[in-house]
A.B. asks: 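What follows is a single structure, and I will ask about it in a moment.
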Amino acid sequence: MEQYPNRIIFHLDMDSFFASCEFARNPELKNKAVVIGSDPKEGTGRGVVSTCNYNARKYGIHSGQPISTAYKKCPTATFIKPDIPYYKTLSNKVMEIILQYCTIIEPASIDEAYMDMSDNCENFKHAAVIARTIKKEVKQKLNLTCSIGIAPNKSTAKIASDINKPDGLTIVTPHKIIEFLHPLKIKKINGIGKKTAQILNENKIFTIKDIADTPISVLTKHIGSYGKRIHDIANGIDYSKIYYNPDSTSISREHTFEIDTNDKEELIKIINTISDKIKSQLDREKTNSKTISIKLRYEDFTTITRAKTLYTYTNNLNAIKETSIELFGNNYEENRKVRLIGVKLSNFSKRGEKQTTLKNWF
Ligand code: TTP
Ligand code: MG
């Protein structure tokens with residue numbers, strides 16, 4: 001099986017998402033206990049809690065609980081009916097932000113996404129810098145907080161994002177993965193619900209270490225083929241890929257500097273490196289592109305993007321590099337320090353399809 005020794009996977013999950021969306025448009029709710037769900041009808045209502053903020057969680061209220069129970073636990077809480085179309089709008093905006101950092105993203109639900117950042121980060125330290133930048137941008141643009149887990153695989157990243165909520169950032173490097181996973185309760189693994197947990201508990205399996213120490217044959221006897229999967233996860237092994245949309249409308253890569261720089265040679269070097277990575281993805285997707293853009297974010301966060309549309313679709317590496325460097329040279333304000341630089345390709349044409357060439361353009 002193909003190994004992924006150097007993957008850097010992010011899992012981003014919004015904090016008390018539906019409740020936070022309500023705070024974004026109604027900030028005075030923030031300090032109250034707020035429950036999103038069906039009408040509690042003074043304790044006689046049917047239906048359940050969708051989510052609640054962290055103030056309400058202190059009373060023992062949680063997602064999936066009968067709304068009547070939530071009412072009994074905290075009758076003075078503010079109860080709000082879910083406004084799904086509004087939450088979807090904000091969810092799309094979150095996805096738009098993270099797509100600027102990475103095109104290989106897999107939205108996993110309305111408020112979470114996996115990102116394969118392997119090509120965008122040099123190492124886990126660099127990954128942490130980018131994660132903080134993403135968190136900051138989500139906060140500044142949408143007034144929402146999120147938690148990010150970073151790990152060498154999806155299942156561990158998902159556990160990591162949940163461990164320091166709200167507003168968390170948890171990094172699990174490859175050599176710390178076992179140390180991180182093993183003390184945790186088995187229910188932390190995505191997919192181990194109440195029933196599976198109960199069966200495993202009855203067999204004296206309580207922690208992730210217990211799973212790792214149990215032979216696969218015993219696990220499969222108790223819970224079927226899922227036993228092999230959780231045994232791998234417990235040993236820090238998970239090869240699952242990020243399922244991203246290959247028909248995305250752009251391919252981009254960005255680089256956030258650990259220390260802001262105005263060294264032009266360094267900036268051009270990064271443009272070249274980014275262009276190499278973009279070219280690889282272009283080839284993987286068997287696509288050619290006609291529009292090349294660069295993005296520069298200066299140290300004070302002012303950001304410019306500049307684009308150029310070529311006369312023909314291309315997958316030529318030199319064309320990508322030369323155009324990006326030309327856009328940089330024409331637009332960079334000398335001596336200003338840069339915190340982020342990015343290159344984006346858009347305006348695609350699948351290879352093999354009829355393409356507009358230089359000849360038929362005019
Ligand atoms: P979650 O990410 O599970 O929860 P959350 O974002 O509210 O809180 P956390 O900070 O712990 O991540 O789910 C995302 C949204 O999905 C949540 O805000 C409401 C909705 N949801 C339901 O409607 N019913 C449910 O049972 C759950 C778990 C979530
Ligand atoms: Mg969430």
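All residue numbers refer to positions in the sequence shown, counting from 1. In listed order, ligands and their atoms are each counted from 1.
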A.B. asks: Who's closest to atom 8 (O) of ligand 1 heavy-atom-wise, of R57, K165, E112?
C.D. replies: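 The nearest heavy atom belongs to R57.
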A.B. asks: Using 4.0 Å as the upper bound for N to carboxylate O, is an ion pair formed by E258 and K125?
C.D. replies: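 Salt bridge between K125 and E258, a charged N being under 4.0 Å from a carboxylate O: yes.
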A.B. asks: Sub-3.5 Å donor-acceptor pair from the side chain of T207 to the main-chain atoms of K185, do we have one?
C.D. replies: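 Answer holds: no.
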A.B. asks: Has ligand 1 got any nitrogen or oxygen that is less than 3.5 angstrom from a nitrogen or oxygen of F18?
C.D. replies: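 Yes; the residue has a nitrogen or oxygen that sits under 3.5 Å from a nitrogen or oxygen of the ligand.
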A.B. asks: Classify the ring geometry between Y87 and F18 as parallel (under 30°), tilted (30 to 60°) or perpendicular (over 60°).
C.D. replies: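 Aromatic pair Y87/F18 classed parallel.
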A.B. asks: For atom 3 (O) of ligand 1, state whether the nearest protein heavy atom is under 4.0 Å away.
C.D. replies: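 Under 4.0 Å from atom 3 (O) of ligand 1, zero protein heavy atoms found.
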A.B. asks: Can you tell me if H62 contacts ligand 1 (heavy atom of the residue under 4.0 Å from the ligand)?
C.D. replies: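 Not so, H62 does not reach ligand 1.
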A.B. asks: Which residue supplies the protein heavy atom nearest to atom 25 (C) of ligand 1, what is that atom called, and how far is it?
C.D. replies: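 Nearest protein contact, heavy atoms only, for atom 25 (C) of ligand 1 is S50 O, 3.7 Å.
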A.B. asks: Considering both backbone and side-chain atoms of D162, is one of its nitrogen or oxygen atoms within less than 3.5 Å of a nitrogen or oxygen in ligand 1?
C.D. replies: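 No - when backbone and side-chain N and O of D162 are compared with those of ligand 1, no distance drops under 3.5 Å.
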A.B. asks: Assess whether a salt bridge exists between D210 and K204, defined as any Lys/Arg side-chain N lying under 4.0 Å from an Asp/Glu carboxylate O.
C.D. replies: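 No, D210 and K204 are not salt-bridged.
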A.B. asks: Please list, in number order, the atoms of ligand 1 under 4.0 Å from a heavy atom of F17.
C.D. replies: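 Counting atoms of ligand 1 from 1, those under 4.0 Å from F17 are 5 (P), 6 (O), 7 (O), 18 (O).
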A.B. asks: Pick one of side chain, backbone, both or neither for how Y87 approaches ligand 1, counting any non-hydrogen atom pair under 4.0 Å.
C.D. replies: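 Contact part for Y87 vs ligand 1: neither.
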A.B. asks: Would you check if the distance from the ring center of H126 to the ring center of F124 is below 6.0 Å?
C.D. replies: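 No, the ring centres sit 6.0 Å or more apart.
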A.B. asks: Where does Q65 meet ligand 1, judged by heavy-atom distances below 4.0 Å: at the side chain, the backbone, both, or neither?
C.D. replies: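 The answer is neither.
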A.B. asks: In the protein, what heavy atom is nearest to atom 7 (O) of ligand 1, and what distance, to one decimal place, separates them?
C.D. replies: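 Among all protein heavy atoms, the one nearest atom 7 (O) of ligand 1 is T51 OG1, 2.5 Å.
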A.B. asks: Taking the cut-offs as 6.0 angstrom to the six-membered ring centre and 45 degrees off its axis, would you call R229 and Y226 a cation-pi pair?
C.D. replies: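 Geometry flag: not set, cation outside 6.0 Å or 45°.
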A.B. asks: Report the part of M14 (side chain from C-beta onward, or backbone N, CA, C, O) that has a heavy atom under 4.0 Å from ligand 1; answer both or neither where that applies.
C.D. replies: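 The answer is the backbone.
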A.B. asks: Is there a donor-acceptor pair under 3.5 Å between the side chain of H182 and the backbone N or O of A234?
C.D. replies: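 Between the backbone of A234 and the side chain of H182 there is a qualifying donor-acceptor contact (under 3.5 Å).
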A.B. asks: Relative to Y313, does K290 satisfy both conditions: NZ or CZ under 6.0 angstrom from the six-membered ring centre, and within 45 degrees of the ring's axis?
C.D. replies: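 The answer is yes; both the distance and angle limits are met.
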A.B. asks: State whether the shortest distance between N or O atoms of A19 and N or O atoms of ligand 1 falls below 3.5 angstrom.
C.D. replies: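 No, no N or O pair falls under 3.5 Å.
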A.B. asks: Taking side-chain contact (heavy atoms from CB on, under 4.5 Å) as the definition, give me every residue that meets it alongside E179, ordered by chain and number, with sequence neighbours left out.
C.D. replies: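 E179 satisfies side-chain contact (heavy atoms from CB on, under 4.5 Å) with K176 once adjacent residues are dropped.
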A.B. asks: Run the side-chain contact (heavy atoms from CB on, under 4.5 Å) test against F301 and tell me which residues pass, sequence neighbours left out.
C.D. replies: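 Checked F301 against side-chain contact (heavy atoms from CB on, under 4.5 Å); matches are K136, R297, R339.
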A.B. asks: Would you call the rings of F328 and Y332 parallel, tilted or perpendicular, taking 30° and 60° as the class edges?
C.D. replies: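 Correct class here is parallel.
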A.B. asks: Closer than 4.0 Å to some heavy atom of D13 - which atoms of ligand 1 meet that?
C.D. replies: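 Those of ligand 1 that fall under 4.0 Å from D13 are 2 (O), 12 (O).
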A.B. asks: Among S20, S16, S63, which one puts a heavy atom closest to atom 26 (O) of ligand 1?
C.D. replies: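 Going through S20, S16, S63 one by one, S63 has the nearest heavy atom to atom 26 (O) of ligand 1.
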A.B. asks: Not counting sequence neighbours, which residues clear side-chain contact (heavy atoms from CB on, under 4.5 Å) with T305? List them please.
C.D. replies: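 Checked T305 against side-chain contact (heavy atoms from CB on, under 4.5 Å); matches are K295.
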A.B. asks: At what distance, to the nearest 0.5 angstrom, does CD1 of I230 lie from CG of D238?
C.D. replies: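 If we round to the nearest 0.5 Å, I230:CD1 and D238:CG are 13.0 Å apart.
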A.B. asks: What is the nearest protein non-hydrogen atom to atom 1 (P) of ligand 1, stated with its residue, atom name and distance?
C.D. replies: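 Going by distance alone, atom 1 (P) of ligand 1 is nearest to D111 OD2, 4.0 Å.
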A.B. asks: side-chain contact (heavy atoms from CB on, under 4.5 Å) for K277 and V343? Distances and angles first, verdict last.
C.D. replies: CA-CA 10 Å; K277 288 175 177 168; V343 178; over 6 Å; no
A.B. asks: Suppose the cut-off is 2.8 Å; how many protein N/O/S atoms fall inside it around the Mg ion (ligand 2)?
C.D. replies: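 Protein N, O or S neighbours of the Mg ion (ligand 2) under 2.8 Å, waters not counted, come to 3.
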A.B. asks: Show which atoms of ligand 1 fall inside a sub-4.0 Å distance from at least one heavy-atom site of Y54.
C.D. replies: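 Reading through ligand 1 atom by atom, the close ones are 9 (P), 10 (O), 11 (O).
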